Structures are given as structure tokens and as C-alpha cells.
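Indexing begins at 1, ligand by ligand and atom by atom, following the structure's order. Owing to the predicted nature of the structure, the values given are computational and were not obtained by experimental measurement. Any value given below was found using the heavy atoms of this structure, including those in side chains, with hydrogens, waters and symmetry copies removed.
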Amino acid sequence: ASGSAVAPLFLLWLLLLHNVPLALPASPLARSFELDYEEDCFRKDGAPFRYISGSIHYARVPRPAWRDRLLKMYMSGLSAVQVYVPWNYHEPRPGVYDFVGNRDVEAFLDLTAELGLLVILRPGPYICAEWEMGGLPSWLLWKPDIVLRSSDPAYLAAVDSWLHVLLPKIKPRLYQHGGNIISVQVENEYGSYYACDYGYLRHLLGSFRALLGSEVLLFTTDGTQPEELHCGTLQGLYATIDFGPGSNVTEAFGAQRWVEPKGPLVNSEYYTGWLDYWGEAHASTSSVRVARGLENMLQMGASVNMYMFHGGTNFAYWSGADFKDQYKPVTTSYDYDAPLSEAGDPTEKLFAIRTVISKFQPLPAGPMPSPTPKYAYGRVALQKHADLLDALGVLCPSGPIQSQFPLTFEAIKQAHGFVVYRTQLPRDVPDPATLGAPPHSICDRGYVMLQKYCGTLERDGQTTLRVMGRAGDTLDVLLENMGRISFGANISDFKGLLGNLSLDSSPLSNWLIYPLDIDTAVQQGWPHAALPKPSRRGRAGPAFYTGTFETPGIAWDTFVKFPGWSKGQLWINGFNLGRYWPRRGPQQTLFVPGSVLHIGRPNNVTVLELEGAPSTPLFSCPPLGQGKRGPGLNSFCMLIPHLSQTIPGFMLTPPHTSGVKAPLYC
Ligand SMILES: CCCCNC(=S)N1C[C@H](O)[C@@H](O)[C@@H](O)[C@H]1CO
């Protein structure tokens with residue numbers, strides 16, 4: 001029987017005769033991931049399956065660090081990762097798409113597959129995640145009356161256009177097609193949104209089925225309140241829930257059973273920590289509580305995704321906001337008190353979770369990768385380069401827009417960052433007069449200059465200033481967008497001067513409006529490549545500072561501290577590291593991934609300080625502790641040391657200029 005077709009069959013017969021298990025790889029044709037309503041479980045290739053998953057957002061981690069973070073998640077014992085796709089990260093203008101570099105979602109997904117992780121994908125189109133506008137592109141608001149997250153035809157047209165670009169990238173990576181994506185979420189906590197529009201959910205279900213096929217498991221996620229499950233669930237989408245360690249697990253899953261009497265128990269977002277807002281204490285959740293709740297759920301046989309397992313950073317302008325009685329912008333750090341710190345370092349919370357997981361399934365062999373090395377590059381001296389108002393030619397090359405009254409960011413098609421609104425005083429103001437804005441019309445912060453920096457108008461905060469001047473004096477307001485609301489009914493969060501500024505109740509008119517493109521200028525080498533402009537405004541008010549530093553042959557991660565600085569934006573080598581606001585806190589440092597640093601050539605530091613650079617260092621982080629996170633205002637200083645050594649990062653030191661008193665009025 002040698003050399004004939006009989007031999008393989010003979011061999012197979014022999015193996016089966018001796019009960020040798022045949023672990024034949026399931027061909028893409030036979031691969032399946034489905035719900036079992038009899039046994040109340042998932043089935044993967046026909047076998048009962050429960051996932052233990054963690055959330056990571058590729059948009060919050062530089063691509064060079066993706067492998068490090070995913071490997072640490074795999075070594076923690078996770079079988080899957082949960083991934084949002086932020087629509088606005090990939091479609092910056094209608095019909096303009098960006099999937100390269102840090103935005104290469106396919107490369108990220110392929111890396112998860114390479115590392116043996118399954119994926120639970122959440123492509124939205126709305127995601128929340130405390131991400132700018134919950135992931136929706138702000139250009140949707142170019143149609144001011146659009147009804148987001150609804151059957152509004154204008155909204156659905158943009159959604160379908162986006163899904164027709166994204167989902168074909170996903171389909172070949174579905175588990176049933178040989179990939180590692182086991183399930184796909186439709187929308188996000190739709191039951192928490194006022195619209196409660198089943199037609200919208202049905203439209204999305206139809207689009208997802210048309211573009212992904214009939215096999216993929218589609219699901220929804222909602223809170224456990226009846227009204228949330230009432231409006232967020234739909235026949236044809238498996239309903240899952242989200243809750244944190246403070247909830248009663250039995251009661252919470254009882255809520256899921258209200259909608260899904262049969263099928264697997266699933267907590268799609270088990271909160272390992274929480275987000276931070278500027279001006280509020282750093283949120284933290286005890287490892288013991290997180291581990292205990294996880295163990296309870298795993299003992300019930302539930303599938304669990306931990307939100308977040310690695311939070312990362314809201315680089316550039318990507319942080320979102322919340323609205324609870326007032327506007328609450330989210331910090332640049334999305335550390336989330338997560339098992340992997342913002343810098344990607346394993347914490348004691350990770351090891352506590354890993355211990356729980358080991359009770360239910362074997363951990364991968366081998367050690368947990370160590371924290372990434374960090375380096376203190378020392379103090380960086382900065383020189384004032386120019387007042388922002390003296391750089392409008394570079395920052396707004398197309399020139400200003402003329403308008404009788406102020407226009408919103410959306411009306412002039414500015415998505416993020418900053419816009420200057422300029423007018424002239426219509427009359428002499430020999431005695432202090434009130435410059436004021438209608439309630440909620442400053443979106444979000446207005447830095448007022450009248451010859452010099454007068455002060456800051458703030459959304460849901462200070463909306464008046466006392467000013468003096470002469471007719472014809474130039475009045476400038478630099479408007480900063482601090483991030484669009486990402487959750488709830490107020491996500492149509494228009495930015496800019498939404499109402500008229502008035503002088504003693506007389507509206508100011510005849511405005512020049514300058515949309516600023518600072519990032520393009522900085523990425524093209526400004527201001528380092530330009531000669532400094534002598535300042536006429538001292539050290540208060542919006543101005544650019546520059547400095548350089550060398551790395552000692554390595555480019556390790558670090559953190560930047562801002563001793564005495566107020567609020568602003570930081571770029572290194574053209575990479576926008578995000579907003580700093582040590583004066584408000586709780587975050588006191590900015591994470592700097594080593595991948596943005598140069599070796600063997602100067603690293604260019606560019607700072608836009610909005611309110612006032614220090615004349616001398618007014619602040620320095622307390623001595624860094626070892627391995628613990630400290631609650632309270634300075635906790636972000638304490639985030640650094642999940643390491644054995646104390647690595648404080650480098651300091652930004654100001655030029656030494658004479659101090660000036662802030663004026664009582666301009
Ligand atoms: C202040 C957040 C209110 C709503 N968001 C909630 S509950 N969450 C659920 C939401 O699905 C997720 O994207 C995150 O936004 C998470 C909070 O981190």
C-alpha cells in the first residue's frame with residue numbers, strides 16, 4: 001500500500017483506532033463563533049468558550065508601542081482585546097481618509113492576531129470613550145441642525161459612507177473568515193441617548209450585515225437600567241451590559257437576563273478605574289475591589305471585558321468632555337487607573353487580575369514583560385519665540401474671515417485647537433467697562449488681549465472681564481476648543497464664540513476671524529526654523545516658547561513637568577503631546593513616548609503657553625514615591641514610579657524675565 005492513496009487513509013484509521021486526538025486546524029470554512037442559547041455560552045469552533053478580555057485604544061498608543069502593550073495584555077492571561085475604532089480619527093474631512101502610521105487600524109488588528117489575541121471590535125459609528133465627540137467627526141456639525149445618532153438622512157448618509165470604507169477592512173479579519181475578530185458591537189450604549197430611535201439601530205444592523213455578512217456575532221452594550229436596555233437593544237443584536245466593581249454582579253446580570261433570558265452572560269465594560277476631568281481629583285479604584293468583582297463574574301461563567309486594561313493618552317486635541325450641570329473636559333492622560341499604566345507599565349492591579357485569571361485558565365508560560373525603561377533628560381531651557389498674535393501670518397496663511405458677528409469653529413470648518421476673534425473698541429473706554437459674553441457662549445476658553453493679556457473667559461465659568469481702552473484699540477480673543485462632549489444629549493458641541501461679546505451690554509461687531517493651523521506650522525519646522533520676534537507683551541498671555549535637548553544615545557519614554565507654567569500645548573519634534581494644565585490639575589505631567597524623540601540630533605520643543613510662563617519655577621512635583629499611585633491633586637506625579645528607579649522626566653524651565661503683576665483690568 002506504499003505510495004498509493006490508501007496510505008493516508010490507513011494511517012488515519014490507525015490513529016483513530018488508538019483514539020489519538022486529531023487536532024486538525026479548523027479550516028476557515030469550518031471556523032465558527034456563535035451563541036449557544038441552550039448552554040448559555042459562546043461556542044468557538046463548536047466548543048464552549050468564555051472570553052476574558054481587556055480594552056485598549058490604538059488611537060491612544062503610538063504605533064511603536066502597540067506590540068509592547070498587546071504582549072503585556074496577552075501575558076496577563078487575556079484571551080481577547082476589545083478595540084474601538086474612532087471615526088473622526090480616520091476621516092478628518094468628508095471623504096478624506098487616513099489609515100497610515102498611528103492610524104493603521106489593519107496593522108493593529110494584524111498584530112493582535114500575530115500575538116494570539118482574539119478581538120472584540122467596536123466600530124461605532126459612535127463610540128464615546130471620552131474621545132472627542134464620542135468618535136463622531138465634528139464636520140457632521142457643518143449642518144447645524146443635523147440630529148446625531150438618529151435616522152436623520154444626513155447623518156445616515158455620512159455613516160454609510162464611512163462604514164463602506166471601514167467594514168470591508170474588517171470582513172476578511174472576522175473569525176469565520178480565518179481572522180481573529182470574534183464579535184462586533186453596533187453603536188455604543190445607545191440606550192443612554194435621548195433619541196431612542198429603533199429605525200437608526202435597524203439601519204445600522206442592515207448595514208453591518210450587508211458589509212460583514214450573516215455569520216459574525218453582532219451585539220450591543222448598555223448600562224443595566226431598564227430604560228437603557230429598552231432603548232439600546234434590538235432583535236438581531238445580542239444584548240450585553242456594562243458595570244463596574246461597585247455593582248452587585250447577580251443583580252447586574254439579572255438585568256441582562258431581562259433582555260436576554262438565554263445566552264452567555266457578558267459584561268462588556270468592567271471598569272478597572274475611571275476617567276479624569278481637569279480640576280477634579282484623580283480617579284482610582286482599589287485592586288482588591290476590581291479583582292474580587294472579576295472573580296465573582298468568572299465564577300458565574302460570564303465573559304468579561306475589562307475597561308480599560310490599558311488607557312494610554314489623549315494626544316493632540318483628542319480628549320473629549322462630559323456635561324453634568326457644567327462642561328467637564330477630560331485630561332490628556334487616559335491612565336484610567338488601569339492595570340497597564342499610561343506609560344504601559346504593569347501595575348499591582350494587573351498582577352492581582354492575573355492571579356484571578358490563573359484560577360480559571362492557564363496563564364501563558366514566561367515572565368510578564370518589564371516596565372519600559374524611562375529616562376530623565378534633565379532641564380530644558382526655553383526662550384520666548386513670539387506672542388501668538390505676532391504669528392498670525394504663519395498660523396493663518398489663508399488670512400482672516402470677515403463677519404459682522406462671531407462665527408463658530410464649525411461654520412469656518414475648523415475642527416480642533418484655536419481661533420482668534422479680532423475687533424476694535426467702538427469707543428473710548430476711559431473707565432473700566434464690562435466685556436461680557438452670554439451664558440454658555442464661550443466654548444470653551446477665551447484668552448482676551450487688549451494691548452496686553454487681560455484674562456480668560458471660561459465656559460460655565462468666568463464670562464466677564466473689566467477693560468479700558470481707546471476707540472480703535474484692537475481687541476483679540478483667542479478661543480480654545482477643549483474637546484467636544486462625548487456622552488449624553490449635548491454631543492452636538494459647537495465650538496468658538498457662540499454669542500456676541502458685548503461692552504457694557506452693547507454687542508461688538510465687525511470681526512476678523514483667524515482659524516489657526518498651528519500643527520501644520522510646527523510640523524513644517526516653525527517656530528524653530530524662524531527668528532524670534534521681540535515680545536511686546538511680557539510673559540503673560542498666549543505665546544510660543546522653544547527649546548532643544550539632546551538624548552544620550554537612547555530615546556526612552558519620559559514625562560514632562562511644567563514647574564510654574566499655567567496652561568498650554570506641547571509639541572516635541574512636531575508631535576502634539578497634548579494639553580498641559582498644571583495650574584488646574586490633577587494631571588501634573590505629560591507622557592512622552594520615546595518613539596517621538598530623536599537620537600543624535602536635537603529634539604525640538606515647542607510650547608504654546610496660554611496664560612503665563614513662570615519667571616521662576618513655581619512648582620515641582622513632590623518626591624516621587626515607589627510603585628504606588630497617590631490619590632489627590634498630585635497623583636499624576638505619582639503615576640511615574642511604577643518603576644524601581646525614580647525617573648521624573650525633564651523639566652521645562654522658563655527664560656528668566658522680570659515678573660509683571662497681572663492687571664486688575666486691561
Ligand atoms: C462620564 C462617562 C459617562 C458615560 N461613559 C461610560 S459610563 N462609559 C461607557 C462607555 O461605553 C465607554 O466608552 C466609556 O465612556 C465609559 C466611561 O469611561
Visitor: Quick one: nearest non-hydrogen protein atom to atom 6 (C) of ligand 1, plus distance?
Guide: Glu189 OE1, 3.9 Å
Visitor: Decide if the gap between the ring center of Trp318 and the ring center of His416 is smaller than 6.0 angstrom.
Guide: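 Centroid separation for Trp318 and His416: below 6.0 Å.
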Visitor: Would you say Glu269 has any N or O atom under 3.5 Å from an N or O of ligand 1, going by distance alone?
Guide: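 Between Glu269 and ligand 1 (N or O atoms, distance only) the closest approach is under 3.5 Å.
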Visitor: For Thr221, is the nearest heavy atom under 4.0 Å from an atom of ligand 1?
Guide: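 The answer is no, since Thr221 has no heavy atom less than 4.0 Å from ligand 1.
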Visitor: For Lys44, is there an ion pair with Glu34 - N to carboxylate O distance below 4.0 angstrom?
Guide: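 The answer is no: the pair does not qualify as a salt bridge.
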Visitor: Quick one: nearest non-hydrogen protein atom to atom 15 (O) of ligand 1, plus distance?
Guide: Glu130 OE2, 2.5 Å
Visitor: Any carboxylate oxygen within less than 4.0 angstrom of a Lys/Arg side-chain nitrogen, looking at Arg122 and Glu187?
Guide: no
Visitor: Is Trp131 in contact with ligand 1, taking contact as a heavy-atom separation below 4.0 Å?
Guide: no
Visitor: Check this for me - ligand 1, Arg122, N or O atoms closer than 3.5 angstrom, yes or no?
Guide: no
Visitor: With ring centroids as reference points, do Phe243 and Tyr271 lie under 6.0 angstrom apart?
Guide: no
Visitor: Is it the case that the ring center of Tyr336 lies less than 6.0 angstrom away from the ring center of Tyr307?
Guide: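 Ring centres of Tyr336 and Tyr307 closer than 6.0 Å.
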Visitor: Taking only Lys NZ, Arg NE, NH1 and NH2, and the carboxylate oxygens of Asp or Glu, determine whether Glu189 and Arg149 approach each other closer than 4.0 Å.
Guide: no
Visitor: Would Asp493 and Arg484 pass as an ion pair if we require N to O under 4.0 Å?
Guide: no
Visitor: Could you find the nearest protein heavy atom to atom 18 (O) of ligand 1 and give me its residue, atom name and distance?
Guide: Tyr336 OH, 2.6 Å
Visitor: Taking the minimum heavy-atom distance to atom 8 (N) of ligand 1, which of Tyr271, Tyr277, Phe487, Phe323 ranks first?
Guide: Tyr271
Visitor: Give the residue, atom name and distance (to 0.1 Å) of the protein heavy atom nearest atom 7 (S) of ligand 1.
Guide: Trp274 CH2, 3.6 Å
Visitor: Does ligand 1 come near enough to Leu275 that some N or O of the ligand is less than 3.5 Å from an N or O of the residue?
Guide: no
Visitor: Does an N or O anywhere in Tyr84 fall below 3.5 Å from an N or O of ligand 1?
Guide: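 Yes, Tyr84 has an N/O under 3.5 Å of an N/O on ligand 1.
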Visitor: Under 4.0 Å between a side-chain nitrogen and a carboxylate oxygen: does that hold for Glu410 and Lys495?
Guide: no
Visitor: Minimum heavy-atom separation for His230 and Cys196, please, with both atom names.
Guide: CD2-SG, 4.4 Å
Visitor: Please list, in number order, the atoms of ligand 1 under 4.0 Å from a heavy atom of Asn188.
Guide: 10 (C), 11 (O)
Visitor: Any Lys/Arg nitrogen of Arg60 or Glu342 sitting under 4.0 Å from an Asp/Glu carboxylate oxygen of the other?
Guide: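 Answer for the salt bridge query: no.
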Visitor: With heavy-atom distances below 4.0 Å as the criterion, list the atoms of ligand 1 near Asp322.
Guide: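 Per the distance check, 1 (C).
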Visitor: Which of the numbered atoms in ligand 1 are under 4.0 angstrom from any heavy atom belonging to Ile127?
Guide: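 What qualifies from ligand 1 is 13 (O).
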Visitor: Polar-atom distance check: Asp242 versus ligand 1, any N or O pair below 3.5 Å?
Guide: no
